[in-house]
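Let me begin by presenting the structure, written as structure tokens, before commenting on it.
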Amino acid sequence: MAILNVNGKKTEFSGDEDTPLLWALREQLGLTGTKYGCGIAQCGACTIHIDGEAVRSCVYPVGALEGSEKITTIEGLSETGEHPVQQAWAELDVPQCGFCQPGMIMAVSALLAENPNASDADIDETITNICRCGTFVRIREGIHLAKKKL
Amino acid sequence: MTLLSKTSRPVSRRNFIIGSSAAGLSLGVLAGCTASETGSTVEAPDYSSLPANPEVNAWVHIHHDDTVNVRIVRSEMGQGTSTGLAQLVAEELECDWDKIQVEFPTPGQSLARNRVWGSFGTGGSQGVRGSQKYVREGAAAARIMLIEAAANDWGVPASECIAANGIITHKASKNKTSFGAVAAAAAKLSPPEKVVLKDPKNWTIIGAPKKRLDTADKLTGALKYGSDLYFEGMKLAAIKDCPILGGSLKSFDASVPMSMAGVREVLQIGNAVVVVADSWWQAHSALEATPIEWDGGELASYSSKDIDALLEDGLGASETFTGNKGGDVAAALKTAAKTVKATYGVPAQNHATMEPMNATALWTKDKCEVWCPTQNGEAALSAAAKAAGLPPEQCEVYKVLLGGGFGRRGMSDYVTQAVEIAKAMPGIHIKLQWSREEDMRHGFYHPVTQAKLTGGLDADGNLVGVDLKISGQSILAALAPQALANGVDYATFQGLLPSGVNPRLEDQILKYSFPNFHIHHAMRNPPVRPGFWRGVNLNQNAIYLESFMDEMAHAANRDPLEFRLAHLKDAPKMAAVLSAVAKKGGWGAKDGKSRGLACIYGFGSYVAACSQVSISKDGKLKIEKITAATDCGHAANPQQIEAQVQGSFVYGLSAMLYGEITYKDGQVEQTNFDTYNSMRIADMPEVDVIIMPSGGFWGGVGEPTIAVGAPSVLNAIYAATGKRIRQLPLKNQNLST
Ligand code: FES
Ligand code: FES
């Protein structure tokens with residue numbers, strides 16, 4: 001039985017070990033901020049942190065977890081939605097439909113945790129999430145604004 | 001440590017349970033900043049002993065604490081319409097912007113009130129421009145009634161009172177009261193017979209770059225989209241519809257999925273196999289494991305080659321529908337000193353909204369309720385009623401915010417499916433969630449077309465005639481044949497139509513003046529489902545016309561800007577946006593950069609772009625910058641318009657770079673974002689948006705600029721490489737030099 005250590009709380013996962021972490025989060029824990037967009041690690045809508053690193057949870061089977069890993073979802077990124085990335089996103093009105101944004105924010109917050117001075121080239125290389133509404137201009141601005149708030 | 005108990009219902013969630021009766025409103029409220037956040041330190045009065053205020057009128061419901069609920073029925077799919085419309089209401093109502101909340105009435109409520117809020121349809125960039133008049137009038141009427149109520153209370157003439165920021169003041173006595181205090185009395189008054197709207201020069205909220213009202217929950221994961229809804233006892237459905245064009249479901253072995261964990265039901269719905277389980281992952285896995293046999297039918301070997309052949313036939317056809325015409329193009333081309341010929345092609349596209357299709361339905365023998373993201377609540381209601389076998393009065397649709405629409409969610413196929421499944425399992429909430437693969441294969445695709453262009457120049461390089469023949473698919477022929485006029489789909493000529501012929505398409509007319517021209521359509525409809533895809537037919541028409549204008553300018557040895565302007569003498573607003581992007585985008589600068597231009601009029605707005613690209617020797621394209629201008633008449637919210645312009649380029653350029661839906665063996669070949677790619681941030685150019693509202697009209701915003709992205713980039717590619725790209729997407733082309 002897999003142990004999910006999510007946003008500081010441990011839970012036993014009762015389903016099949018092959019279940020992607022995305023669906024365990026969404027369907028057992030009710031953490032629906034993490035989105036399904038493709039299921040094949042292409043779009044990044046399902047991005048979460050495992051021990052601080054951005055991971056596309058749709059292709060990460062629950063059985064691969066050892067139970068000690070710290071999983072953070074968008075719901076656990078900050079207590080009140082005040083992570084610097086969230087603040088920057090609010091300031092610049094980044095989201096359109098918003099569906100890609102939890103994954104986007106998780107990808108960006110992981111990047112900035114590792115590289116607080118991320119350059120445009122770093123952003124291009126690391127942030128490969130899809131946004132069909134096309135919020136990329138403001139995402140880039142938002143990342144640079146968030147850097148100042150770190 | 002919390003351990004979830006293992007019960008027969010392994011899917012357990014936090015407290016997101018919507019009672020179906022209250023769901024409409026609890027789902028539908030977008031709160032702005034509330035009083036508690038505005039820094040007021042005065043303790044809020046307690047209104048709990050008072051009866052709730054009734055609505056002032058259909059548009060406005062003001063609570064005791066002065067919170068204003070604005071009713072909006074157009075859908076919010078990210079385009080910002082709900083915030084824009086709220087600004088229109090706030091402007092005329094003279095309320096406090098910080099106390100605005102948006103609420104979405106249901107189609108059922110609309111039906112019961114004789115469609116008091118007008119159309120729910122959210123497409124054609126109509127959200128603001130299509131409802132601005134009645135929305136503003138509704139708000140103005142409410143303001144007049146509120147003032148009258150206060151004046152009655154003070155025993156003074158209403159003409160001596162004014163409203164501002166949610167406060168009514170009697171000018172002479174300086175008596176003051178708030179909207180919330182008089183809302184109940186105002187509701188009892190009869191509405192004014194006549195309202196006069198504010199002069200645009202006095203606007204303070206319309207035209208202001210207000211922040212969106214719906215951002216906060218999008219940043220924390222708190223916002224519940226259709227795919228996130230949960231109801232106690234709900235079951236989850238995965239679906240696989242016959243992937244072969246015109247094919248059917250032959251057989252499937254239900255025993256395989258039935259033996260799998262969590263599976264409750266395996267159903268056939270039309271030509272689709274559906275698995276219903278305790279969780280979606282279980283349903284999906286079981287469906288993937290289900291042995292299914294499809295019956296191919298006549299189109300089992302249909303492929304994109306067949307579509308190409310059909311369209312090529314159209315290009316050679318002599319019988320065509322005329323969309324626009326002037327002079328005698330055949331004669332002009334005969335005498336031309338130089339003729340230019342070109343054939344272009346734009347493939348089918350899928351919407352690929354970020355959130356795949358989904359709907360939740362609950363059916364009982366006398367009631368059917370649906371929760372879904374939709375661009376057309378009323379169409380969703382009638383689809384639900386039809387599938388439920390119940391009169392619409394016994395059905396209801398609760399709209400949730402959309403994870404993207406782009407035209408796809410104007411269709412209600414997924415609503416029908418959800419209701420049919422729910423009908424097979426009465427009394428249980430069923431959430432149908434499509435996989436991305438299902439979404440890719442069962443779209444309503446951007447129509448596929450080609451175009452043959454012939455242009456003539458005289459010895460001085462003046463354009464003497466142009467013939468533009470479009471061959472390809474008509475959306476209306478497939479989706480609304482009753483809208484054809486003697487077989488003609490005039491909407492295929494978006495951006496190319498004459499003025500004064502079709503009032504419904506007066507916002508899609510050709511702004512160039514050509515001495516002799518013929519624009520015509522050989523309708524060729526392949527057996528694939530077309531749909532309204534953001535920008536619709538303006539997309540390919542702009543690619544055809546604006547690429548060809550560039551070709552003609554080069555053939556005439558003239559500057560493409562000057563060449564265009566020479567044909568825009570009667571269209572000063574078009575010339576103005578084009579000149580603006582040329583100027584700001586560095587057109588003509590001797591800086592070694594490669595630039596391309598495009599302009600068009602569509603959805604009632606004048607738009608233009610100047611794109612700047614660089615291309616490496618080995619053919620790698622970098623779109624460096626796009627300078628874009630839009631004259632949409634009145635600009636409700638400039639910062640949201642800027643976001644729409646930027647976003648529309650991502651949608652249009654993703655299609656230009658990567659997008660194509662192709663067929664093999666009667667099936668769509670693309671299955672997911674690995675085969676139907678979309679732009680990433682690394683592909684994204686800098687976008688400089690010039691908003692130049694000239695006033696006097698309301699143009700669309702969400703769609704028009706998408707059309708100038710691709711042609712301006714293609715023209716810039718020509719400037720950089722001398723290569724004229726006439727067939728999209730670019731991924732299939734070699735740009736190396
Ligand atoms: S859902 Fe995981 S990357 Fe798309
Ligand atoms: S905001 Fe809609 S997909 Fe990114």
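Each chain gets a letter, A, B and so on, in the order the sequences are listed, and its residues count up from 1.
Of the atoms belonging to His284(B), not a single heavy atom falls under 4.5 Å from chain A. Of the two parts of Ile681(B), the backbone and the side chain both hold a non-hydrogen atom closer than 4.5 Å to a non-hydrogen atom of chain A. Only the side chain of Ser654(B) comes within contact range of chain A, judged by heavy atoms closer than 4.5 Å. Using a 4.5 Å cut-off between heavy atoms, Asn129(A) touches chain B through its backbone atoms (N, CA, C, O) alone. Residue Phe13(A) does not touch chain B at all, counting heavy-atom pairs closer than 4.5 Å. With a 4.5 angstrom heavy-atom cutoff, Phe649(B) does not touch chain A via any of its atoms. In this structure, chain B has heavy atoms under 4.5 Å from both the backbone and the side chain of Ile130(A). Heavy-atom distances place both the backbone and the side chain of Ala352(B) under 4.5 Å from chain A. Using a 4.5 Å cut-off between heavy atoms, Met354(B) contacts chain A through both its backbone and its side chain. Neither the backbone nor the side chain of Ser285(B) has a heavy atom closer than 4.5 Å to any heavy atom of chain A. Heavy-atom distances place both the backbone and the side chain of Ile123(A) under 4.5 Å from chain B.
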Worksheet item: Given Glu642(B) and Arg138(A), is the side chain to side chain contact (heavy atoms under 4.5 Å, CB included) satisfied, shown in steps?
Response: CA-CA 10 Å; Glu642(B) 178 195 72; Arg138(A) 290 191 182 179; 2.8 Å; yes
Worksheet item: How far apart are the C-alpha atoms of Tyr36(A) and Arg436(B), what are their side-chain angles, what is the distance that settles it, and do they pass the side chain to side chain contact (heavy atoms under 4.5 Å, CB included) test?
Response: CA-CA 9 Å; Tyr36(A) 164 71; Arg436(B) 173 59 64 193; 3.8 Å; yes
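To the nearest 0.5 Å, atom NZ of residue Lys211(B) and atom CD of residue Glu91(A) are 6.5 Å apart. Tyr676(B) contributes atom OH, which lies 15.0 Å from atom SG of Cys38(A) (distance to the nearest 0.5 angstrom). For the atom pair CD (Gln644(B)) and SG (Cys133(A)), the distance works out to 8.0 Å, reported to the nearest 0.5 Å. With rounding to the nearest 0.5 Å, the separation of CD in Gln101(A) from OG1 in Thr220(B) is 12.0 Å. Atom-to-atom distance recorded for Lys218(B):NZ and Cys97(A):SG is 7.0 Å, nearest 0.5 angstrom.
The closest donor-acceptor contact from the side chain of Tyr225(B) to the backbone of Phe99(A) lies under 3.5 Å. A donor-acceptor pair is defined here as one N or O able to donate and one able to accept, closer than 3.5 Å; such a pair exists between the side chain of Arg680(B) and the backbone of Thr128(A).
Within the 4.5 Å cutoff, no side-chain heavy atoms of Met684(B) are placed close to those of Ile139(A). Side-chain atoms of Arg26(A) and Trp280(B), non-hydrogen and from C-beta on, never get closer than 4.5 Å to each other. Between Arg132(A) and Phe673(B) the shortest side-chain heavy-atom distance falls below 4.5 Å. Lys35(A) places a side-chain heavy atom less than 4.5 Å from the side chain of Asp228(B). In this structure the side chain of Pro95(A) reaches within 4.5 angstrom of the side chain of Leu219(B), judged on heavy atoms.
A side-chain donor from one of Asp93(A) and Gln639(B) sits under 3.5 Å from a side-chain acceptor of the other. Between the side chains of Lys224(B) and Thr32(A), at least one donor-acceptor pair of N or O atoms lies under 3.5 Å.
Within 6.0 Å of NZ in Lys70(A) there are 12 or fewer heavy atoms belonging to other residues, nucleotides or ligands. At most 12 non-hydrogen atoms from other residues, nucleotides or ligands lie less than 6.0 angstrom from CD of Glu114(A). Atom CD of Glu17(A) has more than 12 heavy atoms from other residues, nucleotides or ligands within 6.0 Å.
Ranking Gln79(B), Arg534(B), His351(B) against chain A, the residue ahead of the rest is His351(B), based on heavy-atom pairs under 4.5 Å. When each of Gly262(B), Ser435(B), Ala216(B), Gly405(B) is checked for heavy-atom pairs under 4.5 Å with chain A, Ser435(B) comes out on top. Counting heavy-atom pairs closer than 4.5 Å to chain A, the top residue among Ser227(B), Ala261(B), Gly80(B) is Ser227(B).
Between Gly37(A) and Pro356(B), the closest heavy-atom pair is O-CG, 4.4 Å.
Ion pair Arg140(A)/Glu686(B) not flagged as a salt bridge, since none of the NZ, NE, NH1 or NH2 atoms sits closer than 4.0 Å to an Asp/Glu carboxylate oxygen.
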